Amino acid sequence: GENVEQHPSTLSVQEGDSAVIKCTYSDSASNYFPWYKQELGKRPQLIIDIRSNVGEKKDQRIAVTLNKTAKHFSLHITETQPEDSAVYFCAASIPGTYKYIFGTGTRLKVLA
Amino acid sequence: DVKVTQSSRYLVKRTGEKVFLECVQDMDHENMFWYRQDPGLGLRLIYFSYDVKMKEKGDIPEGYSVSREKKERFSLILESASTNQTSMYLCATAFGAETQYFGPGTRLLVL
């Protein structure tokens, strides 16, 4: 069945450094890839998404890249700040459905 | 702004009790979802509804049922709660295949 693998499970970076989180999906027909940020005790919130007809998308300090051939996509956060500390989830759409399959999450800690 | 609310933030129940979790959205979204979130396992889909009275099993439906009598409201029912159902439950809504918006979550403890 469909599967999304997310790495690493935890990531610690110094404030100001960059952070990269990677996800691999199994179904080559997946066409929508959202990223969610979940702060402690709060709901997951969409921070950026990308569709399969685009290779890269950027929004200020956050960017997502998609490699359809390799079936992987990555979240890049530059100039990290303490408020970036959270759990980040990637997801891939399940073709022919309205559903997603989620990765297992990455806990990012930005050290001041 | 999309508003998705859940009936309780925290809930403590005893084994064998019937538990109702309710989700309400105000955006006229057709699709509503119930997920369970456990450490190291991410978000796993329990049930999905694509219209009133329509439902579809997700990846882990055992021990759960759902009800959608009105478009804005999607209920998750634990017929007989068990300790292994202690978890965070998240509701989400979406318009078609677009972005899913999450509720604040209900942390359920079954004793």
Side-chain angles (χ1 to χ4, degrees), chain A residues 1-11 21-27 29-53 57 59 64 75 86-108, chain B residues 1-10 21 23-25 27 29-51 54-61 66 68 74 87-107:
Chain A
E2 298 87 357
N3 186 44
V4 171
E5 292 189 4
Q6 182 172 347
H7 298 282
S9 56
T10 61
L11 180 60
I21 302 170
K22 298 181 179 181
C23 289
T24 304
Y25 59 100
S26 59
D27 194 326
S30 290
N31 60 9
Y32 178 65
F33 307 91
W35 283 90
Y36 287 85
K37 175 184 179 182
Q38 186 178 29
E39 296 177 62
L40 191 63
K42 296 192 176 179
R43 71 187 77 194
Q45 293 202 301
L46 180 78
I47 54 171
I48 196 166
D49 56 10
I50 193 167
R51 298 193 182 274
S52 58
N53 59 348
K57 185 176 178 180
D59 182 4
V64 57
L75 179 71
V87 178
Y88 292 81
F89 292 98
C90 64
S93 60
I94 299 175
T97 78
Y98 297 128
K99 298 184 282 188
Y100 303 162
I101 185 146
F102 283 86
T104 50
T106 296
R107 183 172 298 278
L108 173 65
Chain B
D1 272 353
V2 176
K3 190 171 182 183
V4 186
T5 58
Q6 294 184 228
S7 49
S8 305
R9 292 300 306 273
Y10 302 95
L21 304 182
C23 176
V24 179
Q25 52 106 352
M27 287 303 294
H29 286 172
E30 306 105 338
N31 298 330
M32 297 187 75
F33 309 80
W34 274 107
Y35 291 93
R36 174 176 169 158
Q37 182 178 17
D38 299 289
L41 297 178
L43 282 73
R44 294 179 292 166
L45 183 65
I46 304 171
Y47 265 99
F48 157 58
S49 170
Y50 50 93
D51 202 350
M54 306 303 286
K55 62 186 179 185
E56 189 176 303
K57 291 180 180 179
D59 299 318
I60 50 165
V66 290
R68 192 160 179 207
F74 191 33
S87 187
M88 169 69 90
Y89 290 88
L90 287 162
C91 171
T93 79
F95 179 72
E98 298 301 311
T99 304
Q100 292 184 20
Y101 295 92
F102 285 87
T106 296
R107 189 168 292 280

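Numbered from 1 within each chain, the chains take letters A, B, ... in sequence-line order. Only a predicted model underlies this, so the values are computations on that prediction, with no experimental measurement involved.
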Between B:Y35 and A:F102, ring centroids under 6.0 Å: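 Here the rings of A:F102 and B:Y35 have centres that are less than 6.0 Å from each other.
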Crowding at OH, A:Y32 (>12 non-hydrogen neighbours, <6.0 Å): yes
Separation of [Y] [atom2] from [X] [atom1] (nearest 0.5 Å):
X	Y	atom1	atom2	value
B:Y50	A:Y98	OH	OH	10.0 Å
B:M88	A:R43	CE	CZ	11.0 Å
A:T97	B:L45	OG1	CG	9.0 Å

Top of B:V4, B:D38, B:D59 for chain A proximity - count of heavy-atom pairs under 4.5 angstrom: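 Sorted descending by pairs with chain A, the first entry is B:V4.
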Side chain / backbone / both / neither for B:R9 at chain A, heavy atoms under 4.5 Å: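 Only the side chain of B:R9 comes within 4.5 Å of chain A.
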Portion of B:E30 that has a non-hydrogen atom of chain A nearer than 4.5 angstrom: neither
Contact winner vs chain B - A:P44, A:S9, A:A91, heavy-atom pairs under 4.5 Å: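 With the most close heavy-atom pairs to chain B, the winner is A:P44.
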Top contributor to chain B interface from A:R107, A:K99, A:Q6 [non-hydrogen pairs under 4.5 Å]: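 The answer is A:K99.
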Nearest heavy atoms of A:Y36 and B:T99, plus distance in Å: OH-CG2, 3.8 Å
